[in-house]
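Input: a single structure, listed below in structure tokens.
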There are 2 protein chains.
Amino acid sequence: MDAKHPVRTTEKTLALVEELMQKGPCGVTELASDLDMGKSAVHNHLTTLQKHGYVLKDGDDYRVGLKFLEVGGHSRKSMEVYQVAEPEVKSLAADTGELANLLVEEQGMGVYLMRAKGDDAVDLDTYAGLRTNLHTTALGKAILANLPESRVDEIIERHGLEQKTPKSIGTRQELFQVLEAVRERGYAIDDGERLEGLRCLAAPIKSSSGEVLGAISVSAPASRVSDEDLHGSLPERVLSAANVVELNINY
Amino acid sequence: MDAKHPVRTTEKTLALVEELMQKGPCGVTELASDLDMGKSAVHNHLTTLQKHGYVLKDGDDYRVGLKFLEVGGHSRKSMEVYQVAEPEVKSLAADTGELANLLVEEQGMGVYLMRAKGDDAVDLDTYAGLRTNLHTTALGKAILANLPESRVDEIIERHGLEQKTPKSIGTRQELFQVLEAVRERGYAIDDGERLEGLRCLAAPIKSSSGEVLGAISVSAPASRVSDEDLHGSLPERVLSAANVVELNINY
DNA sequence: GTCACCGTTCTCCGGACCAGAACACTTATT
DNA sequence: AATAAGTGTTCTGGTCCGGAGAACGGTGAC
């Protein structure tokens with residue numbers, strides 16, 4: 001569902017924020033030339049954003065402010081799946097010693113709500129708020145496997161099936177085969193698809209009505225996860241964590 | 001420094017976001033009457049925000065989306081003080097078993113960058129991104145005590161000295177006395193000022209040039225913090241954590 | 001001293017925002 | 001089953017505001 005009458009001025013503001021986020025702190029002139037806007041326009045937008053805390057001036061450069069974290073943090077905090085899953089993801093990380101994650105779907109993309117590091121956890125470049133294509137991670141596949149087929153097709157239509165690595169899923173047919181396997185097993189696996197040498201295992205969180213609310217995962221280097229682990233003790237732990245969350249959500 | 005030529009359209013968008021955040025999910029008509037805007041205007045803004053992921057439609061209601069978390073999370077991740085302090089705050093929480101926090105100053109307000117819970121931690125309503133007046137918390141006082149006096153006056157001028165509780169600091173003179181004591185001790189204390197029965201102890205993080213970059217704290221119920229702890233073992237731990245961060249930032 | 005660059009300010013016109021009315025739909029009431 | 005009152009959405013035209021471009025003030029290089 002697209003905006004029939006988009007507010008162009010607002011879109012310019014948002015483009016500015018996006019550009020500022022990607023480039024890091026930078027000046028008025030540079031932003032103006034990147035976005036094909038006049039310097040005065042860029043300046044007006046930036047000072048307006050600054051007035052409300054969304055942007056800060058650092059010397060002569062501007063950078064995105066923490067107001068975004070306030071709004072985003074508030075939004076996250078008010079999500080039931082986050083409130084309930086947060087302690088479980090933490091204890092999953094503590095128990096396994098690895099990196100544990102919580103992902104939800106929003107507008108066809110995966111959004112990391114949190115990550116918790118165990119004592120031996122690898123340090124990935126994921127962070128709370130990061131967006132990712134659903135078909136490229138175990139977390140995303142666990143979610144896709146529990147969405148109606150029509151929804152999955154919409155998502156493919158909208159975001160495509162970009163191949164992050166040669167191992168990535170590249171066709172609709174391949175994806176649906178994988179999702180069928182995920183449904184049978186009850187959990188999804190990523191064996192080096194996203195990052196060479198990294199194994200992930202993810203389980204969906206479903207409401208009592210069968211709707212998928214998110215997914216929980218553990219990520220670990222292949223050197224620490226044997227093939228037996230990958231289909232034995234690890235799924236057990238992740239599924240158990242997801243199950244606890246489901247029980248707590250459904251009271 | 002105020003915007004000389006604010007972009008009014010953008011300000012309307014931001015007001016909408018703010019209202020949506022405070023009220024939680026709600027409909028077009030309600031937002032329109034709250035903000036004294038026409039329904040069509042509200043609708044145009046919301047669909048525009050939705051198109052970019054900043055707002056979502058949930059049935060007939062709209063709510064803030066996680067795009068804010070993406071931008072805010074990115075902004076936080078790119079802050080050196082966060083990168084360096086994050087593991088230290090976590091281990092401070094693990095060691096003490098209590099709630100540990102990291103705060104930075106932005107535009108005269110305190111912004112929580114993270115919180116880490118130890119095994120016995122109290123569950124406050126703070127969250128990453130939350131803003132607070134600096135003079136009402138130990139964290140804020142630790143920061144104010146290390147800002148130039150002129151800066152502190154600017155902040156008082158801009159944000160006032162709102163009294164959250166009867167114990168809160170209410171006058172400029174009182175504040176400066178407290179800040180002087182903080183400078184002498186090297187750490188700041190909040191003994192039930194923010195919340196009855198809650199004790200906090202905070203230490204500043206300073207760069208090699210003496211500039212204050214943020215503050216680290218531990219919050220615990222008074223029942224678990226004796227007066228000796230409050231001036232003995234606890235400051236030692238918090239100061240040590242802050243010190244490690246300082247050393248790592250300054251290489 | 002000169003130049004080249006920056007961020008900021010100013011003015012005026014073309015175009016975009018938005019009030020208000022109409023529409024499609026759902027739900028409650030009679 | 002007809003009505004009414006609520007919702008979100010669409011449409012249009014008039015008015016007001018966003019922004020191009022030029023001018024200004026400051027800073028740093030050479």
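By convention in this document, chain letters (A, B, ...) are assigned in the order of the sequence lines, proteins followed by strands, and residues within each chain are numbered from 1. Everything numeric in this text was worked out from a predicted model, so none of it was measured.
Not one side-chain nitrogen or oxygen of A:Thr9 sits closer than 4.0 Å to the OP1 or OP2 atom of D:dG18. At the phosphate of C:dC6, neither OP1 nor OP2 sits under 4.0 Å from any side-chain N or O atom of A:Tyr62. The phosphate of C:dC18 has OP1 or OP2 within less than 4.0 Å of a side-chain N or O from B:Lys12. Here A:His5 does not reach the OP1 or OP2 of D:dT12: none of its side-chain N or O atoms lies under 4.0 Å away. Put simply, B:Thr47 has no side-chain N or O that comes within less than 4.0 Å of OP1 or OP2 on D:dT9.
Interface remark: the A:Lys39 side chain does form a donor-acceptor pair with the C:dG7 base, using a distance-only criterion of under 3.5 Å. Put simply, the side chain of B:Ser40 and the base of C:dG20 share a donor and an acceptor less than 3.5 Å apart.
Look at CG on A:Asp36: it is 20 Å from P on D:dG18, rounded to the nearest Å. B:Asp60 places its CG atom 9 Å from the C1' atom of C:dT26, with the value rounded to the nearest Å. The distance from atom CE of B:Met37 to atom P of C:dG20 is 13 Å, rounded to the nearest whole Å. One can place CZ of A:Arg8 at 9 Å from C1' of C:dG15, the figure rounded to the nearest angstrom. Across the protein-nucleic acid pair, B:Glu30 atom CD and D:dA5 atom P stand 21 Å apart, rounded to whole Å. The CD atom of B:Glu11 sits 17 Å away from the C1' atom of C:dC18 (whole-angstrom rounding). Atom CG of B:Asn44 and atom P of D:dT9 are 11 Å apart (whole Å). Look at CG on B:Asp61: it is 10 Å from P on D:dT9, rounded to the nearest Å.
For A:Thr29, counting side-chain heavy atoms from C-beta on, the closest listed nucleotide (C:dG7, C:dC17, D:dG18) is C:dG7. Taking only side-chain atoms of A:Lys4, from C-beta outward, the nucleotide of D:dG18, D:dT10, D:dA20 with the closest atom is D:dT10. Taking the side chain of B:His43 as heavy atoms from C-beta on, and the options C:dA19, D:dT10, D:dG19, the nearest nucleotide is D:dT10.
Using a 3.5 Å distance cut-off with no hydrogens or angles, the side chains of A:Thr10 and B:Thr48 do not pair a donor with an acceptor.
Counting non-hydrogen atoms under 4.0 angstrom, A:Val7 reaches the backbone sugars and phosphates but no base.
How far NE2 of A:His45 is from CG of A:Leu35: 10.0 Å, rounded to the nearest 0.5 Å.
The two residues B:Lys51 and A:Pro6 have their closest heavy-atom pair at NZ-CB, 4.4 Å.
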**Study point:** salt bridge (Lys or Arg N to Asp or Glu O under 4.0 Å) between B:Arg8 and B:Glu11, worked out
**Key:** CA-CA 5 Å; B:Arg8 285 167 235 259; B:Glu11 292 197 307; over 6 Å; no

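Between the side chain of B:Glu246 and the backbone N or O of B:Lys206 there is at least one donor-acceptor pair closer than 3.5 Å.
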